[in-house]
Amino acid sequence: MFDILPERAGDDPAIEALLDRSFGPGRFAKTAYRLREGVEAVASLSFIALAEGKLIGSIRFWPVQVGFTPALLLGPLAVEPALVGRGIGLGLMKRGLQSAQEEGHRLVVLVGDEPYYARVGFARVPPGQLFMPGPVDPARLLVRELVAGAFDGVSGEIRRWPG
Ligand SMILES: CC(C)(COP(=O)(O)OP(=O)(O)OC[C@H]1O[C@@H](n2cnc3c(N)ncnc32)[C@H](O)[C@@H]1OP(=O)(O)O)[C@@H](O)C(=O)NCCC(=O)NCCS
């Protein structure tokens, strides 16, 4: 019904349009975008969902530092609004997280709904352990280890990388 494949040269306009439809025009004001300004997404971890040749989903990851530990920021993740609930979002995440693990990344953070992201192993960051460079609902700040123990002893600010 849909395929997941690496983002291709030229997909960017369709992805930006999908993100506008999914998140609305205010998306650039989100704190997570401060971590993306002036930094490219990790190209090898950018995936799209395609159905009948049409781009219907996208996931990207950004490099960040968590305290002094390198990590990935998951997102944005978006699925064509008319096609939600068919496993496309989870499929994109599983592919992205698996590739990240294979590439040797150890830790992923994101801002999002815990009940959804818990399905792929994310959990709430304990209050006060990490903070973002702007306001964020602490209940939505989530972490997932790609290597057991990678989050042990990690604390501090999530920052852009390279700063
Ligand atoms: C969130 C989003 C990526 C989910 O994509 P999707 O392809 O519909 O997700 P899937 O089909 O893989 O998973 C659907 C399941 O997750 C559940 N789910 C979806 N969004 C959820 C949420 N925010 N909280 C809890 N559960 C959620 C659905 O109820 C469904 O459950 P079911 O399998 O028991 O029926 C998509 O709705 C979207 O693009 N939303 C707008 C942009 C956005 O909010 N992105 C995430 C930013 S944090």
Asp137 CG to Thr31 OG1 distance, which is reported to the nearest 0.5 Å: 11.0 Å
Presence of salt bridge, Arg95 and Glu7, under 4.0 angstrom: no
Donor-acceptor pair, side chain of Arg36 and main chain of Trp62, under 3.5 angstrom: no
Glu102, CD atom: more than 12 neighbouring heavy atoms under 6.0 Å: yes
Side chains of Val143 and Gln129 in contact at under 4.5 Å (non-hydrogen atoms): no
Steps toward side chain to side chain contact (heavy atoms under 4.5 Å, CB included) verdict (Val79, Ile56): CA-CA 6 Å; Val79 171; Ile56 56 162; 5.9 Å; no
Reported NE2-to-CG distance for the pair His105 and Leu45, which is rounded to 0.5 angstrom: 5.0 Å
Joint cluster assignment, Phe131 & Leu35, ILVMFWY side-chain distance < 4.5 Å: no
Path from Leu92 to Val108 over hydrophobic side-chain contacts below 4.5 Å: yes
Audit row: Glu145, Asp152, side chain to side chain contact (heavy atoms under 4.5 Å, CB included) steps and yes/no: CA-CA 10 Å; Glu145 293 179 337; Asp152 291 351; 4.1 Å; yes
Same cluster (ILVMFWY, side-chain, under 4.5 Å), Leu50 and Leu19: yes
Connected via hydrophobic side-chain network under 4.5 Å: Ile4 and Val120: yes
Glu80 and Ile88: CA distance, side-chain angles, deciding distance, side chain to side chain contact (heavy atoms under 4.5 Å, CB included) verdict: CA-CA 9 Å; Glu80 186 61 44; Ile88 300 167; over 6 Å; no
Non-hydrogen side-chain atoms of Leu130 and Leu141 separated by less than 4.5 Å: yes
Atom pair CG (Leu18) and NZ (Lys54), whose distance is rounded to the nearest 0.5 Å: 8.0 Å
Point-to-point distance, once rounded to the nearest 0.5 Å, from CD1 of Ile15 to CD1 of Ile48: 6.5 Å
Expected output: side-chain Arg160 to main-chain Glu37 donor-acceptor under 3.5 Å: yes
Heavy-atom closest pair, residues Gly89 and Leu77: O-CD1, 4.0 Å
Pair Arg27 + Glu16: basic N to acidic O under 4.0 Å: yes
Lys NZ or Arg CZ of Arg124 over Tyr117 ring: under 6.0 Å, within 45°: no
Reported CG-to-CG distance for the pair Leu146 and Leu97, which is rounded to 0.5 angstrom: 6.5 Å
Whether Gln65 side chain and Trp161 backbone form a donor-acceptor pair below 3.5 Å: no
Atom pair CZ/CD of Phe61 and Glu103 - distance to nearest 0.5 Å: 10.0 Å
Atom of Ala41, atom of Arg60 and distance for their closest heavy-atom approach: CB-CB, 4.2 Å
Close side-chain approach of Tyr116 to Met93, heavy-atom, < 4.5 Å: yes
Side-chain heavy atoms of Phe2 within contact of Leu83, under 4.5 Å: no
Heavy-atom pair of closest approach, residues Leu72 and Ala100: CD1-CB, 3.7 Å
Minimum side-chain heavy-atom gap Met132-Val111 below 4.5 Å: yes
Side chain Glu114, main chain Leu142, donor-acceptor under 3.5 Å: no
Side chain to side chain contact (heavy atoms under 4.5 Å, CB included) assessment of Arg159 paired with Val64: CA-CA 6 Å; Arg159 299 193 307 272; Val64 290; over 6 Å; no
Val42 to Pro63 - nearest heavy-atom pair and separation: CG2-CD, 3.9 Å
Test item: Arg106 side-chain N/O and Ala150 main-chain N/O as donor-acceptor pair under 3.5 Å: no
Student check: side-chain heavy atoms of Pro6 and Phe47 closer than 4.5 Å: yes
Those residues that, when tested against Phe28, pass ring pair (Phe, Tyr, Trp, His ring centres under 6.0 Å) (two or more places apart): Tyr33
Hydrophobic cluster membership, Phe122 vs Ile158, 4.5 Å side-chain cutoff: no
